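Have a look at the structure below, then the notes.
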Protein chains: 2
Amino acid sequence: MDKYYEVLLKSQPFLGFSLEELRSVLEYLNANPVSYPKGSTVFNQGEKITHSGILLEGSVIAESVSYSGERRIIQTLHAGDLFGDVLMYSEHDPTPVSTIVREDSKVLLLDVNELMEKACNPLCRKALVNILHGLADKFWTLNRKIAYLSCNQMRSKIAMFLLDMQKRHNSQTFIAEYSREELASLLGVNRSALSRELSRMQKDGLISFYKSSFKIENLQKLRNCL
Amino acid sequence: MDKYYEVLLKSQPFLGFSLEELRSVLEYLNANPVSYPKGSTVFNQGEKITHSGILLEGSVIAESVSYSGERRIIQTLHAGDLFGDVLMYSEHDPTPVSTIVREDSKVLLLDVNELMEKACNPLCRKALVNILHGLADKFWTLNRKIAYLSCNQMRSKIAMFLLDMQKRHNSQTFIAEYSREELASLLGVNRSALSRELSRMQKDGLISFYKSSFKIENLQKLRNCL
DNA sequence: GAAACTATGTTGCTATAGCAACGTAAATTC
DNA sequence: GAATTTACGTTGCTATAGCAACATAGTTTC
């Protein structure tokens, strides 16, 4: 267990915990790592979820199977990532997502209902609050994505994204943490069409860029794209 | 206060509460209705949110002002609706949303942090769990919306929506709770273009419809649209 | 350092969906 | 019940963005 403390301290539920607090709450919850061999599943589409998981080591992906039987990868999880937190609470539908183990992995299973039952314990409350924050953050991420997708001009999508980045980095020069392909996916557009529009915006003096480094050349004009 | 019990029992935080439980928890939390005159705001864009609100009577809308200064209505709230629940938890950013009072309104303010502090009380826990469920539901609503928006063929969007409805109603015949305008907005398309594509799908024998009543005529073909 | 691969930029073609404008039926108002 | 409004369907025009195919530069592999 000890070898995973570092990962856990960086995971959403235990942000801000001291090592002592972490030890204490894990003992109190009687939480232990579970091994999943490559190819197994942690959650299955259609199941009812009773636990959330924190990936301690290995590799897990979340995917869903569409009506037409096509598989779509929703998320690739990394060590420290919390998954299943949203699933746990939407009891109504069974989960539309499966999590599939890509390499032998260790997962810490958290029963969030138990956490709630034990909320008299301040550490459990602290973890709960952290989980709530995480949920809210995921919510806003989705909201931004919807905002991007809702623009029906590509230039608007790009402008919105760039202005978000400017706000986050508090600078008109920044490096976006996305490849072109990923950015295209985030904005819901074709990659080559994205490249074309970026070039146009550069030609129009709105921005300049090289790979993932962007500079906003004319903030006012960029805002007018919205 | 008594006159609002009915509304509160139908609000997300107090679902499944008995009248006695509701009375008890409200007293315990010392929660009272607050009056907001027409034109005032409950939350202001840029503020830090410390409470969530349950609209007891009146009319409130949530809106945000974009970079370009344009106002966009995000949501129209009705009696019993919980708002600000997501906002409360994303401490990082101040809220990007304002809630504006359209008619003289009464709002019950809930300090969810207080609810968490008092989680030793089973009723407070119950309310917290309800709020979590509500959050998760909102999350899934957004997720579906993203799924719709992500299709780049209008027919795919429509098919996905109709298949969702079929699943929910458990029937190939159903009445969608959206007007054309609203449906167009949900799918992120132009209303008239939506009408056109619906007509085409009818001509192609996929569906039939009259206003908001839909019938899936060929399930397999519809699935193939995805 | 040659070869293979990957990420990104460029361009022509074309289908699609936005937009505007109009028609019609139903609902609401007085 | 006439008048107004609202909701929905229809259609032509056109800009836009998807797609495919290719170019190029940078990176990795051996």
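To find a chain, count down the sequence lines: A is the first, B the second, and so on, and within it residues start at 1. Values in this document were obtained by computation on a predicted structure and should not be read as measured data.
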Listed nucleotide nearest any side-chain atom of [X], set [options]:
X      : options                : result
B/S199 : C/dT11, D/dT10, C/dA26 : D/dT10
B/E197 : D/dG18, C/dT8, C/dA17  : C/dA17
B/M154 : D/dA17, C/dA17, D/dC8  : C/dA17

Interatomic distance, [X] [atom1] vs [N] [atom2] [rounded to whole Å]:
X      : N      : atom1 : atom2 : answer
A/L198 : C/dA7  : CG    : P     : 17 Å
A/Y210 : C/dG9  : OH    : C1'   : 12 Å
B/K211 : D/dG9  : NZ    : P     : 8 Å
B/R200 : D/dT10 : CZ    : P     : 11 Å
A/E181 : C/dC5  : CD    : C1'   : 15 Å
B/R196 : D/dG9  : CZ    : P     : 13 Å
B/E182 : D/dT6  : CD    : P     : 15 Å
A/L194 : C/dT10 : CG    : P     : 12 Å

Given the rule in the side-chain contact (heavy atoms from CB on, under 4.5 Å) test, do B/M160 and B/C151 qualify, once you have shown the distances and angles that lead to the verdict? CA-CA 9 Å; B/M160 194 174 278; B/C151 303; 3.6 Å; yes
Would one find a side-chain N or O of [X] under 4.0 angstrom from OP1 or OP2 of [N]?
X      : N      : result
A/R180 : C/dG9  : yes
A/N190 : D/dA17 : no
A/Q153 : D/dA17 : yes

For B/S179, which contact category applies under a 4.0 Å heavy-atom criterion: base, sugar-phosphate, or nothing? sugar-phosphate
Determine whether more than 12 heavy atoms belonging to other residues, nucleotides or ligands lie under 6.0 Å from atom CD of B/E6. no
Could you check whether A/K215 and A/T173, counting side-chain N and O atoms only, form a donor-acceptor pair closer than 3.5 Å?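 There is no such pair (donor and acceptor under 3.5 Å, judged by atom type) between the side chains of A/T173 and A/K215.
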Quick one: sort the B/F139 and A/F139 rings into parallel, tilted or perpendicular, breaks at 30° and 60°. tilted
Return yes if the base of C/dA17 and the side-chain atoms of B/S192 contain a donor-acceptor N/O pair under 3.5 Å, otherwise no. no
Nearest 0.5 angstrom please: A/N130 CG to A/L135 CG, how far? 11.5 Å
